[in-house]
Every structure is written in structure tokens, then in C-alpha cells.
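Each chain gets a letter, A, B and so on, in the order its sequence line appears, and its residues count up from 1. If you're wondering where the values come from, they're calculated on a predicted model, not measured in any experiment.
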Amino acid sequence: MIMAEEGLLWLAILGYLLAGMVSVIVVIFNRGWERILLLLLSLGLILHGFSLGLRWQRLGHGPFISMFEILSSNLWSLTLAVTLFFWFYPALRATSVVLLPTLLVLMGWMMVSNSADTAIPPTYDTIWLYVHIGFGKIALGAILVAVGIGGIILMRSLGSLARHVQRLPDNPRLDELSYRFAALGFIFHSLMLVAGAIWSLDAWGRYWSWDPLETWTLHTWLLLALYLHLRPLFRPPPVVGALLIWAIFTFAFLVFFGVPFISRAPHQGVV
Amino acid sequence: MVTKLATSLASLKFSLAILLLLLGGLPLSAQGMLSNTVLLTVAGLLFIVNIGAALQCHTTFRSQPGLLVFHTALVVVLGTAVTSRLTYFKGAVELTQGEIFSGYAQSEERGPWHADHLKNMRFRHDGFTVDYGPGLKRGTTRNQVIWQEGGQRTQSATIGDGTSLNLAGYRFRTTANKGFAPVFLWIPADGSQPSRASLHLPSYPAILEQVRHWRIPQTAIRIKITLLLDEELANPEKSWQLHLPRRYRLKLETGDGSVNVLKDGSTVRFSEGVLVFEGLRSWMGYRIHYDPAMNWLLASSLAAIFGLAWHYYKHFSIHHWTEYVSVSEKCVE
Ligand code: HEM
């Protein structure tokens, strides 16, 4: 069983790596290999999904206890978000050159983290856990897509790379689309906070305890609110908007994965 | 003059300033350099004034009802959050099996406006079991509690993990902190009133060595107590259930080097009096929470999210999402 899990995961990683290479070929060498990209990503997702499923079945709980599990399940959900985006927005598949390296960072991190078996604390036995994590994954997925679109705007501002993405929609339109995904991310981030508070109340008897993850996640939410307010207030040019969403994503990424990394468990008091 | 003040108060620049205050203050309060209650109360009140003025002044809110709902709900969220900070109570208490909660927590933290009704709360801890899996992994906790409703009708319940005991808004919940408690009766030789004491041994099975030092109250007698378990309880290899042991003895060592091994009802004589070991009970550590604003906070947060989703739905349906990806006529340099 463990062998099958690991084998599938390695195959999925191979698929993701190949997809990463294809994305560079698509954008830099201007080859129309976008379908291959989509195929590789979908294949990676299926294999990775099976690997996660086998582990889930073997351990009797979902992938959300250890750093390895959190990274693995987020790699899966974020790749799913990116694949769906490519599916519905074929014209923007060039964003893969920005999005896939981000996923590869996550993958590298996952590969160096400890994949030992984990046990589920009794407080995790609630539906709110799934709701909370599900909303969080959608939020991060939407923000990642916003980042990918913003990445094209930033590439255009870097002279040498600009010509590879010239044929894409113009900056104001990309900016608007990026903002829409960020707004979607904001709604789901809010839902994640509320669901998390309900779970926390259920599990530990308080809905908010200012543990490091809660505090820094609230910062991410406030930064998104700041970003959404800056638009009507200062009408920032697309490049500034893109830089802002990049900064927020980097922050959210570090909070999402970094804070649990430095603390003992995703949330204090879970054990 | 008044309009100018209202406009300044309603300005989004003022919101940004408060947001920056909050973003800067939260790490400081996490480090303990700034009171969390003060920071949140000040920022919350400033936001309430800011949004309240904005709801009056900004015409955007009249044309965009979703935004109006969102920001109005946000005022309620902030109002309830501030109320919560000012009135909350957080505490902890340990109770021996059979003991009635006295109304006082052993450690506590409270908002400045907390009206203390805890002192009127009573319930009795009536024992517990906890399931453990291999590797001493804690599973389900089942703790029996008994209390009186309306001062008469006796109620009982099993609490633990996700289920707490709710008495007039004070929620008592079990913790991983629990263990065994030998109960002693001390009968002073001078004929004064006997007194009973239960000693909470270290949390079990977190600490397997069940030892405690104790000075018998109102005496200079210092003793060391060790619980000797004559049956297997904690087993890291397999699943087991934590309950009160049936077979045990208590080793009692005094400063002068004498050692007594006690069973239920055994006595030890000292020149100042007689110590009777009455038996072993369990003890449970409870956390106590009180937050009257909680339900309001949830309702207003959900209303805010609804308003926001409504706003964006309306806003984004004007132009379909795919309109932004048709390739532009002009190239972008
Ligand atoms: C953390 C608290 C806040 C959050 C999360 C928040 C969120 C939002 C969001 C998401 C929008 C919609 C922007 C868009 O259409 O993309 C918005 C708009 C707006 N907010 Fe807030 N807001 C907050 C606090 C405030 C405060 C304190 C004020 C007080 C002035 C305010 C005033 C406004 C105004 C006037 C608009 C409309 C801007 C426009 O489209 O012209 N907001 N807010």
C-alpha cells in the first residue's frame, strides 16, 4: 500500500515537472503545446489524487495533520485550480510560466518534508474541519490564479520577456481579471475564517485565540481588504496592482505554509 | 465645519490609517508589548466611527446595496468584537471526582466589563473515561457532570471533546489535563476540626511517574506520595481506556525516612495527628469560556460575507468574466 502511494506520488511529480518544462516551451519558444500541458497536469492530478486517497484510506484521516500532508494536499488543490483555469481560459495558458514554478516550489518543499504517518487528534472529528480547509484551498487557489495573471503584467514590464506574452489581452483587462480572482479569493478567505472559528469553538471551546496562524491569517485578510480599497481610492496602474497581489500572495503563502512549519502543529492546542 | 469633519471621518484614507495601525499593532500585541484588548478596542471603535460616517457620506453605498450590507454588517462585527473583548472571561479549574465547582476559577483572564456570574455556577464532576490508541494517542473523553437547573431539577450529561457544559453562557470543557487524586482525612491530635484534602497527582498518562510532595496543612509535616499501580493502565503499544484503577497502593514517605504503603482506609500516625487515606479519585482539568457576543459575531460575519458576495455578483455580472480574455486588437508594449 505504502509502495503504491509513493509510486503514484513520484509519477505525479514527474507529470508536474514535465508540465513545468512544457510551459516554458509554450511561452518562450512559442510552441502550441498547450494541450500537452493540460494533459500532463490532469494526469499528474489523477495520480496524485489516488496517492492521497490511498494514504487517507490507510491512515483513516485526510491529509491535513503534518507539514508533508498539508503541502501535498495543497499542491493538489492548487494544481487543480490552475488546471481548471487553463481549461476555462485557454487564451491565458501562458500564465503557466508563472504558475507552475510556484507549484514546483511547493513540490520541492513537500519532497523534503517528513512523510511519516500521522494520527488525528480527537478535535479533528468534525465536518467544520473539511469546510474550513475546503474554503481555504479555494481562497488560495483563486489568489494564485490572480497572481498568475498579474505575472503576465509584470513580465510585460520586463523588456526582454515582454515579447513572449504580447499576444495576450491588454494590461487593463488582465488587471481587471486578476482583481476579480482576488475578490473571489477574499470572499472564500472570509468564509474560511468563519468556518475556522466555528471549528475552533467546537474543538477547543473558543473561536479565536490569537495563535500565530490565526493572527497572521487575519493579516492576510486585512491586506486583501487593503488591496481592494486601494483600487477605488488610488486607481493604481496595472503593474502596481500586479505587484500588490504578488506581495499579498507571497505573504499568504508564507503564512499558510510557513507558520505551521515553525509551530508544532497547524494550530496551537490541536494536540 | 461639521460636514468637513464628517467627510474626513468617512474618508478611505482614514480607514487605511486604522488598518495600518492594526497591521502594525497586532505583531506587537502578539509579542506582549501592547495590550490586545486596548489595541482591538481602539481600532474597532475607530473603524466603527469611520464606516458609520462613510455609510452617511459615500453615495457609492446607496447605489451598491451589497456593499452597504457588507459595511453595515462589518460595523456590527466590530461592535460585537469590541463587546467581546470587554466582557469575555477565560479561566481554568481542576475538580476532583465528586467535588462541586465552587464558583471560582484557579486561573483566569477577563475583560474589564465582565459581570461576574461565575460565582453562582455549580456543577459536580462525577468521573470520566478516556480512550487511548496505540502510541498513547488520546481518543474520546467521556466526563459525567451533574448540576441543578433552576435551582431544583437535577440534570446530568456526558461532556468531552466537542461537547461542553453550558451554564448561563459559561462553557466548561474538559482538557487533556486530568489524572488521579488520593483523598486524605487529617484528624489533628489537639481535637480541632478534621479536614479533608485531595491531592491532584501529575496529569496522566502525560506523566507516568505519579509522585507528589505535600505538606499537611497547618503542620510542618512534609510527605512524598507515590501512586503504585498494581494493574496495567497505560500501554503505549495498544488501545486502552483510562479509568480509575481498581488495584493500587499508595507509598507515603516522610522526612525522617519512614515509609508506609497504604490501601483505602489505612492510617498513618504522627505526633500532630492521624492521616487517613480514604481512597483514590480522579481529577479533571476544565477550561471555562464566556463570551456573550459570540452568536452576534457569527451572524454579523455571515451577513457581511453575504453582502460581499452579493456586491461582487452584481458588479461582475455587468461584464462577463470571459470578456477579458478575447485577444486585444492592439499589442501591448
Ligand atoms: C477591514 C475592513 C473592511 C473591509 C474588509 C472592506 C472591504 C471592502 C470591499 C471588499 C469593498 C469593495 C471594493 C471593490 O468593489 O472591489 C469595499 C468598498 C468600499 N469600502 Fe470597505 N472594507 C472595510 C472597511 C471599510 C471602512 C473602514 C470604510 C470607511 C470609509 C470603508 C469604505 C468603503 C467604501 C466607500 C467602498 C466603496 C469604494 C468604491 O467602490 O468607490 N470600508 N470595502
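Here OG1 of Thr118(A) is found 9.0 Å from NZ of Lys137(B). Values are rounded to the nearest 0.5 Å. Note that CG of Leu223(A) is 7.5 Å distant from CG of Leu19(B), once rounded to the nearest 0.5 Å. In this structure, Trp210(A) CH2 and Leu26(B) CG are separated by 5.0 Å, a value rounded to the nearest 0.5 Å. In this structure, CD1 in Ile187(A) is found 4.5 Å from CG in Leu308(B), a value given to the nearest 0.5 Å. From Phe181(A), atom CZ reaches atom CH2 of Trp321(B) across 5.0 Å, with rounding to the nearest 0.5 Å.
Between chain B and the residues Leu218(A), Thr215(A), Leu222(A), the largest count of heavy-atom pairs under 4.5 Å involves Leu222(A). Of the residues considered (Ala183(A), Pro90(A), Ser157(A), Pro232(A)), Ala183(A) shows the highest number of contacts with chain B, using heavy-atom pairs under 4.5 Å.
Within residues 77-90 of chain B, the residues approaching chain A closer than 4.5 Å by heavy atoms are, in numerical order, Ser84(B), Arg85(B). Near-neighbour residues of residues 299-307 of chain B relative to chain A, defined by a heavy atom under 4.5 Å from a heavy atom of that chain, comprise Ser301(B), Leu302(B), Ile305(B).
In Arg235(A), the CZ atom is not crowded: 12 or fewer heavy atoms of neighbouring residues, nucleotides or ligands sit closer than 6.0 Å. For Tyr130(A), the OH atom is densely surrounded, since the number of other residues' heavy atoms within 6.0 Å is greater than 12. Within a 6.0 Å sphere centred on CH2 of Trp296(B), heavy atoms belonging to other residues, nucleotides or ligands number 12 at most.
Of all non-hydrogen atoms in Arg173(B) and Leu201(A), the two that sit nearest each other are NH2-O, 3.3 Å. The two atoms that bring Arg180(A) and His315(B) nearest to each other are NH2-O, 4.3 Å, heavy atoms only.
Residues Trp208(A) and Met294(B) have side chains not in contact (no heavy-atom distance under 4.5 Å, counting atoms from C-beta outward). Residues Leu298(B) and Tyr207(A) fail the side-chain proximity criterion, which asks for heavy atoms closer than 4.5 Å.
With a 4.5 angstrom heavy-atom cutoff, Leu193(A) does not touch chain B via any of its atoms. Only the side chain of Asn36(B) comes within less than 4.5 Å of a heavy atom of chain A; its backbone N, CA, C and O stay farther away. For Ile152(A), no part sits under 4.5 Å from any heavy atom of chain B, backbone or side chain. Of the atoms belonging to Ile149(A), not a single heavy atom falls under 4.5 Å from chain B. Both the backbone and the side chain of Leu23(B) come within contact range of chain A, each with at least one heavy atom under 4.5 Å from a heavy atom of that chain. For Phe316(B), the parts lying under 4.5 angstrom from a heavy atom of chain A are both the backbone and the side chain. When heavy atoms are compared at a cutoff of 4.5 Å, Leu191(A) approaches chain B by way of both its backbone and its side chain.
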